Structure formats: C-alpha cells, structure tokens
Amino acid sequence: MNVKEEIFEKDLHELTPEQQCSIEIGRDQIKNGEFSKNEDVISEMKKWLKTNNK
C-alpha cells in the first residue's frame, strides 16, 4: 500500500483488525491471480440458475 492509499483509508474509514486482515487476504489473492472475471461468474450463475430453477 502506498502512502496515498494509507492516508485515504485512515481519513475515511475506521477498520477493525478483522476487516484489515480480510482486505490484506483479498489483496494477496488478487496478486496471486486467485479471482474470477465478472463475465465468467455471471455465465456460471446463469447456467446454475437454468439447471436449478425448474
């Protein structure tokens, strides 16, 4: 996190330690490519809804 981001977060938000931990985990997951593209998630959801909404 750069200095601007750190100042921004401190000025606007009071985060609990749990929230800070969750944010760090999410950032690490993004760095490691552990995420899905929005289009892929929507496509998968539509397929699921078609098969489970009968």
Side-chain angles (χ1 to χ4, degrees):
M1 178 181 323
N2 66 37
V3 175
K4 281 185 182 179
E5 290 173 328
E6 200 168 309
I7 292 170
F8 178 78
E9 285 188 10
K10 286 183 181 176
D11 286 345
L12 296 180
H13 305 288
E14 282 292 321
L15 301 175
T16 66
E18 293 83 10
Q19 290 170 320
Q20 291 173 348
C21 182
S22 293
I23 290 169
E24 285 303 315
I25 289 170
R27 287 180 175 154
D28 288 341
Q29 289 172 329
I30 291 169
K31 281 183 201 173
N32 295 326
E34 299 169 8
F35 61 91
S36 298
K37 293 181 183 177
N38 188 48
E39 295 83 11
D40 296 340
V41 172
I42 290 172
S43 176
E44 191 173 319
M45 179 186 65
K46 286 179 179 178
K47 287 178 191 174
W48 184 87
L49 286 170
K50 283 181 183 177
T51 58
N52 293 295
N53 204 15
K54 294 180 181 181

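Atom set for the values below is all heavy atoms of this structure, side chains included, hydrogens, waters and symmetry mates excluded. Predicted, not measured: the structure shown is a model, and the values here were computed from it. Residue numbers start at 1 and run along the sequence shown.
- Interatomic distance, Gln20 CD to Ile25 CD1, rounded to the nearest 0.5 Å: 12.0 Å.
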Working for side-chain contact (heavy atoms from CB on, under 4.5 Å), residues Lys47 and Ser43: CA-CA 6 Å; Lys47 287 178 191 174; Ser43 176; 3.9 Å; yes
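- Put simply, NZ on Lys46 and CG on Leu49 are 9.5 Å apart, with the number rounded to the nearest 0.5 Å.
- Salt-bridge check for Arg27 with Glu24: passed, with a basic side-chain N closer than 4.0 Å to an acidic carboxylate O.
- Residues Glu14 and Gln19 come closest through the heavy atom pair O-OE1, 4.0 Å.
- Residues satisfying the side-chain contact (heavy atoms from CB on, under 4.5 Å) test with Glu34, not counting sequence neighbours, are Gln29, Asn32.
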